[in-house]
Amino acid sequence: MNFDLKKLDLEAAAAEKCDLLAVLVTESAKPGKDSVSQLIAQATKQGDFSAKVGKLLQSYGSAAVSARRLVLLGAGDGSARAVRQAALSLSALLKGPQVKRMVVTSVSALEGAAVSALVQAVAEASYVYTTTKSKAEPRALSRCVVGVPDVAKVRSEFDTGVALVAGVEFAREWGNRPANHATPSMLADAAKSLAKQPRIQCKIHGPAEVAKLGMGAFMAVAQGTEQPLRFIELHYRGGAKDQPAIALVGKGITFDTGGISIKPAGEMDEMKFDMCGAASVLGVFKALGELQPAINVVGLIPACENMPDGRAVKPGDVVTSMSGQTIEILNTDAEGRLVLCDALTYAARFKPAAVIDIATLTGACVIALGGVRSGLYANRDDLATALEKAGEVSLDPCWRMPLDDEYAEGLKSNFADMGNVAGRAGGSITAAKFLQKFVADMPWAHLDIAGTAWKGGAAKGSTGRPVGLLMRYLLTQASLSAVAKRAAATRATPARGKTPKPTKAGAAAKQA
Ligand code: BES
Ligand code: MN
Ligand code: ZN
C-alpha cells in the first residue's frame, strides 16, 4: 500500500476523486465556509454527529464531495491516541473490497505525532493476512493520501509512520505464519532478505557454529526437534564506527509445545506466536532499512522449536550455558529464558550501549498486565525511563516491573548453579531474574510481550508490537547522539576569543 502526503485544505480534499474521503473532526475544530464544513455543522446541529472519539457518520454519493463515500470521524482532542482510535473505526470498511483509494484529512491541523499515528492506524485497519489462504482476498486499499495544510511541518513524522507500517507489517506477517511456514531456517531467510537494504548485514549461525560457541542452553531446547536451529545475527550500521550499538535480542521459538513438560492441547496452536520477539526484531530492521537513521543496532535471534521427541531434554537435566553457568532444567516449558540467556552472553561481545531482549516469555505476565501493556524490566533507571517514554509516545506502552534480588531465591538448585524455574508466584519477575544472571554489567532491559504480541479469540493474530516502542526508542537515541556530536564539535572548534557555550539542544538532550 502507498501513502502520500499532500497539501490539501477541506475544499481541495472534497474535490479529490477517490472511493473514500475520511474527515477527522476534532472538538476544537472551527468549520469554515466550504461544503464539507457546512455538512459537519449541519450534522452536529441535528445531533447526528459529534466530535467525540468513536463517532462516525457515513454518507454515499454526497453532492458535497467528489469521493464516492464520505465519512466524518470524531477525533476528540486531536491527540495521537484519539486520531488512532478514530481511524481504527474505519476497520470494517477498509477490510472490505470497496475502498481502493482514500483521502484522509482533518478539519484542524494535526501535530506530527498524530499524523504518524494516523498512517499507522489506516494500515492496521486495512491489514489482512493472506499467505496461507488459497482464495485470499488481499488488501483492497492501494493508496492513501493524507491531506494536511503544511506538508513540511509533518513530513518527518509522516515518513516515520510509513516506515513503521513496513516494520510492523513485516513483524505481523511472520508472527501470523503457521509454524510449518515459519521454521527457524525460514526466519533466517527472512533476515537475509532484509540485508538487501543499505547498511544492513546478516550472518546466520547453524548448529555446528552454535555448538562451537558453547551455547549449551540454547542447544538443549533445540535437541528435541527435526528442525535445525538457527542463530540469526543482524547489523544495522548507520552511526559512526566507534559509536556503541544497541543490541536487540528476540526470542525465536517458532513453536512451543512445552517439550517433555508438554502443554495442554487447548489453544496450543497459539504457541506459533512464540517467535513474536524475533519478529519484532526483524520488523525493527525493516523499518531501520527504510528510514536509515544515524545509529548502530545489532539484532540477535536464537530460533528453534521446542518439541518433545526421543532426544528431547528432560526435566532435571543439567546443561552448561555459554556463560559457563550451569542450569538445571526443571521445566522444559521454560525454554525462552534458555535460548535468550546464551544470546545475551553473545551480545556482550559487542559492548553495546544497551541490550534489550524482547520475548513472549511468561503466561504470568499476561495475568499481570493483560494485553494493554508489555512488562518492562531494567537494571538502569535511565534506560527504563527512555523505554517507558517511547512506549507512551508510540502508543505501544509498557509498565515497569521490579527486580528485587529476593525474587531470585526460588531459582536456587541443589544440582546446578541455578534452576530454570521458581514457583508460580511472580512468574514473570522470576523469569526476568533468571535472565539478569546473564547480563553481567551491561545496561539491560527485558520486555515480556506475552500479552501484547498477539490477540486471541475472533481477532486472533499478531499485533506487530513492540516494533513501535522499539523504533521510537532507537530514533530518540539517534537524535540524542546527533545532538551530543554537534555539541562536541562546537566545543572542539570554538570561535576565536569566545568561550564555547553549550547549545540549547545539547542541554535539552542532556536533561532528557
Ligand atoms: N511461550 C510461553 C509463555 C506464554 C504462555 C506466552 C502463554 C503466552 C501465553 C513460555 O515458553 C512458557 O511456556 N512459560 C511458562 C513458564 C513456566 C513453565 C515457568 C509459563 O508461563 O507457563
Ligand atoms: Mn514454553
Ligand atoms: Zn515459550
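Every value quoted in this text rests on a predicted model; they were computed, and no experiment measured them. We're numbering straight along the sequence, starting at 1.
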If a pair satisfies salt bridge (charged side-chain N to carboxylate O under 4.0 Å, His left out) and one of its residues is in residues 341-358, list it, with sequence neighbours excluded. none
Heavy-atom closest pair, residues Gly250 and Pro302: O-CD, 3.2 Å
Atom pairs and distances, donor-acceptor, side-chain atoms in residues 217-232, under 3.5 Å, two or more places apart:
| residue | atom | partner | partner atom | Å |
| --- | --- | --- | --- | --- |
| Gln223 | NE2 | Arg311 | O | 3.0 |
| Thr225 | OG1 | Gln227 | N | 2.9 |
| Thr225 | OG1 | Glu305 | OE1 | 2.7 |
| Glu226 | OE2 | Arg311 | NH2 | 3.4 |

pair Leu187-Leu282: side-chain heavy atoms closer than 4.5 Å: yes
Which pairs pass ring pair (Phe, Tyr, Trp, His ring centres under 6.0 Å) with one or both residues in residues 410-435, sequence neighbours excluded? Phe434-Phe438
Please check: side-chain N/O of Ser280 versus main-chain N/O of Gly277, any donor-acceptor pairing under 3.5 Å? yes
Does any pair with a residue in residues 254-286 pass ring pair (Phe, Tyr, Trp, His ring centres under 6.0 Å), and if so which ones, sequence neighbours excluded? Phe273-Trp454
Can you give me the closest heavy-atom contact between Ala287 and Ala163, atom names plus distance? CB-O, 3.6 Å
Within-4.5 Å side-chain heavy-atom neighbours: Met471 and Leu291: yes
Side chain to side chain, Arg472 and Lys389, heavy atoms closer than 4.5 Å: no
Is there any ring pair (Phe, Tyr, Trp, His ring centres under 6.0 Å) pair reaching into residues 309-333, and which pairs are they, with sequence neighbours excluded? none
Residues at least two apart in sequence or cross-chain that pass salt bridge (Lys or Arg N to Asp or Glu O under 4.0 Å) with Glu392, listed by chain then number, are Arg373
First locate atom CG of Asp189, then atom OG1 of Thr183, and finally report the distance between them rounded to the nearest 0.5 Å. 7.5 Å
Going from CG on Leu338 to CD1 on Ile329, what distance comes out if it is rounded to the nearest 0.5 angstrom? 5.0 Å
Minimum heavy-atom distance Leu340-Ala359, with the two atoms named: CD1-CB, 3.6 Å
Output every pair passing ring pair (Phe, Tyr, Trp, His ring centres under 6.0 Å) with a member in residues 376-414, not counting sequence neighbours, ordered by first then second residue. Tyr377-His446
Can you tell me if Lys272 uses its side chain to pair, donor with acceptor, with the backbone of Asn176 under 3.5 Å? yes
With no hydrogens and no angle check, is any side-chain donor or acceptor of Asp317 less than 3.5 Å from a backbone partner on Lys314? yes
I would like to know whether Trp174 and Thr131 meet side-chain contact (heavy atoms from CB on, under 4.5 Å); could you show each step before the answer? CA-CA 10 Å; Trp174 282 97; Thr131 310; over 6 Å; no
Would a distance-only check, ignoring hydrogens and angles, find a side-chain to backbone donor-acceptor pair under 3.5 Å from Asn379 to Trp444? yes
When every non-hydrogen atom of Pro308 is compared with those of Ile262, the smallest separation belongs to CG-CD1, 4.0 Å
Atom SG of Cys304 and atom CD of Glu335: how far apart are they, to the nearest 0.5 Å? 7.5 Å
If I take atom CD from residue Gln120 and atom OG1 from residue Thr160, how far apart are they, to the nearest 0.5 angstrom? 9.0 Å
Check against side-chain contact (heavy atoms from CB on, under 4.5 Å), Met186 and Thr254: CA-CA 10 Å; Met186 292 176 195; Thr254 58; over 6 Å; no
Can a donor-acceptor pair be found, under 3.5 Å and without considering hydrogens, that links the side chain of Asn306 to the backbone of Thr257? no
Does Val366 have any side-chain contact (heavy atoms from CB on, under 4.5 Å) partners at least two apart in sequence or in another chain, and if so, which? Ala450
Please enumerate all residues that pass side-chain hydrogen bond (donor to acceptor under 3.5 Å, both in side chains) together with Lys460, with sequence neighbours excluded. Asp269
If we count only N and O atoms by modelled type, under 3.5 Å, do the side chains of Thr345 and Ser323 hold a donor and an acceptor together? no
Does anything in residues 160-184 form a salt bridge (charged side-chain N to carboxylate O under 4.0 Å, His left out)? List the pairs, not counting sequence neighbours. Arg139-Glu169, Glu173-Arg177
May I ask you to say whether Glu111 pairs ionically with Arg81, meaning some side-chain N is under 4.0 Å from a carboxylate O? no
For the residue pair Val467 and Phe170, establish whether any side-chain heavy-atom pair is separated by less than 4.5 Å. no
I need the minimum non-hydrogen distance between Ser413 and Glu328, along with the two atoms involved. OG-OE1, 2.7 Å
Distance-minimising heavy-atom pair for Asp448 and Thr362: OD2-OG1, 2.7 Å
For Thr326 and Val319, indicate whether the former's side chain and the latter's backbone hold a donor-acceptor pair under 3.5 Å. no
Using only atom types and a distance under 3.5 Å, with no angle test, would you say the side chain of Glu409 pairs donor to acceptor with the backbone of Glu406? no
Rounded distance [0.5 Å steps], CZ in Arg465 versus CG in Leu447: 10.5 Å
Do any N or O atoms from the side chain of Lys251 and from the backbone of Thr360 form a donor-acceptor pair under 3.5 angstrom? yes
Sequence neighbours left out, what passes side-chain contact (heavy atoms from CB on, under 4.5 Å) with Asp382? Give chain and number order. Arg380
Looking at Asp404 and Lys433, does any basic side-chain N land under 4.0 Å from a carboxylate oxygen? no
Under 3.5 Å: donor-acceptor pair, side chain of Ser374, backbone of Ile449: no
Evaluate the side-chain proximity of Arg400 to Asp381: yes if any heavy-atom separation is below 4.5 Å, no if none is. yes
Check: Pro352 and Ile246 side chains under 4.5 Å, non-hydrogen atoms: no
Would you give the length of the straight line joining atom NE2 of His235 to atom CD1 of Ile200, rounded to the nearest 0.5 angstrom? 11.5 Å
Worked check of side-chain contact (heavy atoms from CB on, under 4.5 Å) between Ile253 and Val339: CA-CA 9 Å; Ile253 298 296; Val339 305; 3.9 Å; yes
Side chains of Asn296 and Phe350, heavy atoms from C-beta outward: is any pair under 4.5 Å? no
State whether the number of non-hydrogen atoms from other residues, nucleotides or ligands found under 6.0 Å of Lys263 atom NZ is greater than 12. yes
Those residues that, when tested against Phe158, pass ring-ring contact (aromatic ring centres under 6.0 Å, His included) (two or more places apart): none
Qualifying residue, where the test is side chain to side chain contact (heavy atoms under 4.5 Å, CB included) with Ile356 and the options are Leu470, Leu469, Val249, Leu474: Leu470
Is there side-chain contact between Lys437 and Leu411, with at least one heavy-atom pair below 4.5 Å? yes
